[in-house]
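Notes follow once the structure below has been shown.
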Protein chains: 2
Amino acid sequence: MQLTQATDYSFRVVLYLAALDPGAIVSAKDISTHENVPMRFLLKTLRSLVKAGILRSYRGPDGGYALAKQPENITLRDVIEAVEGPLYINRCFIDEDYCSKHWTSACPVHRALGDVQRKLVQELDKHNFADLLAHNRQDQGKNSGRLLVSVSTG
Amino acid sequence: MQLTQATDYSFRVVLYLAALDPGAIVSAKDISTHENVPMRFLLKTLRSLVKAGILRSYRGPDGGYALAKQPENITLRDVIEAVEGPLYINRCFIDEDYCSKHWTSACPVHRALGDVQRKLVQELDKHNFADLLAHNRQDQGKNSGRLLVSVSTG
DNA sequence: CCATTGTATACCCGAGTGGTATAGTTTACT
DNA sequence: AGTAAACTATACCACTCGGGTATACAATGG
């Protein structure tokens, strides 16, 4: 019941890109040093984000990555599902055959968990990266005014 | 971001016990065959539930397990945390040092995830096993009247 | 004292997470 | 064209953890 490290990295990466000028292209190396993510691992993770349509990649010299959407159109859920696949809190939602009894519809636990999952997804959908940035900027004003472009999730 | 199989088993076990007469003692073997859970694995899992105060165990002949609380005082969250430990959707909630940047409080992702987690826990707390049983009984009335004591989560 | 239960500890296997290596392919620039 | 700077694809490795098993032990009732 925990997000993977790759997902956590991805949050940082998207937030980092969202804080830059719209459409800005940044190399993987740049992101790696800036966000403290191992280069090779980052590359692998970035591909998931590209495949999911969250980032665009540009090859060749001066290539790199940029957001493929507006920050307000990228939610926490989008990033999670891009990296980890569709969100299911219990196996019986993925594979009906998983349960040895096959009483999916009649099972009260299944129903309750479905309820919980729906709420969870709703909640994750509420948070987009424009909002996250806005919160960040608020803090800067309140605290120091120092540029907190490089943001961690910890 | 998924519950373990042990947790899923535990849901079934608690629901099974909750459906019996209050205080009824059932042997692990009985539970194992009834709920289709490998004996040895079940025993290990049951210990977690005992340690968490959800079940009581009785040794010796005619020993076994019984609920240690009323079903309405056992929630989905209780069972999850009994088996998997405290519920944290991201590592930075467990270990502040996990994040390479140590900006926990200033991090907007951390804040947003904290928000989500709070809602998730709230939601899990809403579902107790008395309610789950009630739903189950409703279905029986509607469908067949057949006794659905042995319930799966799938 | 013995059979029937649960308890404790330790081990095993496979899958998945986290990370690395290597050999490409695309593109801009000269 | 050629070359260097980027991303891409594939495969590999170490380690952890989930799922499950084995063995020896402790408590309890008859």
Side-chain angles (χ1 to χ4, degrees), chain A residues 1-10 12-13 17 24-33 35-52 54-66 68 80 82-85 88-91 94-95 98-100 153, chain B residues 1-10 12-13 17 24-33 35-52 54-66 68 80 82-85 88-91 94-95 98-100 153:
Chain A
M1 204 58 184
Q2 229 177 78
L3 299 169
T4 68
Q5 180 140 2
T7 305
D8 191 47
Y9 285 156
S10 299
R12 299 192 211 177
V13 169
L17 292 174
I25 298 176
V26 182
S27 72
K29 194 175 165 191
D30 205 3
I31 299 174
S32 169
T33 57
E35 296 299 322
N36 247 340
V37 182
M39 180 62 174
R40 299 288 185 165
F41 189 64
L42 176 65
L43 284 170
K44 196 165 60 172
T45 307
L46 285 173
R47 286 223 62 253
S48 305
L49 294 172
V50 170
K51 222 183 283 183
I54 294 173
L55 302 187
R56 278 203 55 186
S57 66
Y58 300 86
R59 294 177 152 204
D62 298 321
Y65 298 86
I80 294 172
V83 179
E84 305 189 8
Y88 294 114
I89 62 174
N90 199 19
R91 294 155 154 76
I94 303 172
D95 183 4
Y98 159 73
C99 178
S100 47
T153 59
Chain B
M1 205 60 186
Q2 230 178 78
L3 300 169
T4 67
Q5 181 138 2
T7 305
D8 189 48
Y9 284 157
S10 299
R12 298 192 212 178
V13 169
L17 291 175
I25 298 176
V26 182
S27 72
K29 195 174 164 192
D30 204 2
I31 299 174
S32 168
T33 56
E35 296 299 321
N36 246 340
V37 181
M39 180 64 173
R40 297 288 184 168
F41 189 65
L42 176 67
L43 284 170
K44 196 165 60 172
T45 307
L46 285 172
R47 286 223 60 254
S48 306
L49 294 172
V50 170
K51 224 184 282 183
I54 293 173
L55 301 187
R56 280 202 56 185
S57 66
Y58 301 86
R59 295 177 153 202
D62 298 322
Y65 299 85
I80 294 172
V83 179
E84 305 188 10
Y88 294 115
I89 62 174
N90 200 19
R91 295 154 152 77
I94 302 173
D95 183 3
Y98 159 74
C99 177
S100 46
T153 60

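Letters go in sequence order (proteins before strands), and every chain restarts at 1.
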**Message:** Classify B/Gly60 by what it touches in the nucleic acid, base, sugar-phosphate, or nothing, heavy-atom distance under 4.0 Å.
**Reply:**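 Since a base atom lies under 4.0 Å of B/Gly60, the category is base.
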
**Message:** If we ignore hydrogens and angles and just use 3.5 Å, is the side chain of B/Thr45 paired with the main-chain N or O of B/Phe41 as donor and acceptor?
**Reply:**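 Such a contact is found between B/Thr45 side chain and B/Phe41 backbone.
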
**Asked** Is a donor on one side and an acceptor on the other found under 3.5 Å between the side chain of A/Ser32 and the backbone of A/Val37?
**Response** yes

Can you check the [X] [atom1] to [N] [atom2] distance for me, whole Å?
X	N	atom1	atom2	value
B/Asp8	D/dG19	CG	C1'	13 Å
A/Gln5	C/dG16	CD	P	19 Å
A/Lys29	D/dA4	NZ	C1'	13 Å
B/Phe41	C/dC12	CZ	C1'	14 Å
A/Leu3	C/dG18	CG	P	10 Å
A/Asp30	D/dA6	CG	P	10 Å
B/Gln2	C/dA15	CD	P	16 Å
A/Arg40	D/dC12	CZ	P	16 Å

State whether [X] places a side-chain N or O below 4.0 Å from either non-bridging phosphate oxygen (OP1 or OP2) of [N].
X	N	result
B/Ser57	C/dT7	yes
B/Tyr58	D/dA26	no
B/Arg91	C/dT17	no
A/Arg47	D/dA9	yes
B/Ser27	C/dT4	no
B/Tyr9	D/dG20	yes

**Item:** Shortest non-hydrogen contact between B/Ala82 and B/Ser48, atoms and distance
**Value:**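 Answer, listing the atom of B/Ala82 first, then B/Ser48: O-CB, 3.6 Å.
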
**Message:** Counting only heavy atoms from other residues, nucleotides and ligands, does the tally under 6.0 Å from CG of B/Asp62 exceed 12?
**Reply:** no

What nucleotide among [options] has an atom nearest to a side-chain atom of [X]?
X	options	result
B/Arg59	D/dA26, D/dG19, C/dG18	D/dA26
B/Thr4	D/dT8, D/dG18, C/dG19	D/dG18
A/Pro61	D/dC7, D/dG19, D/dA4	D/dA4

**Asked** Just by distance, with hydrogens left out, do B/Thr7 and B/Thr4 show a side-chain donor and acceptor under 3.5 Å apart?
**Response** yes

**Message:** Need to verify one output field. Residue with the more 5' nearest nucleotide on DNA chain D, A/Lys44 or A/Gly64?
**Reply:** A/Gly64

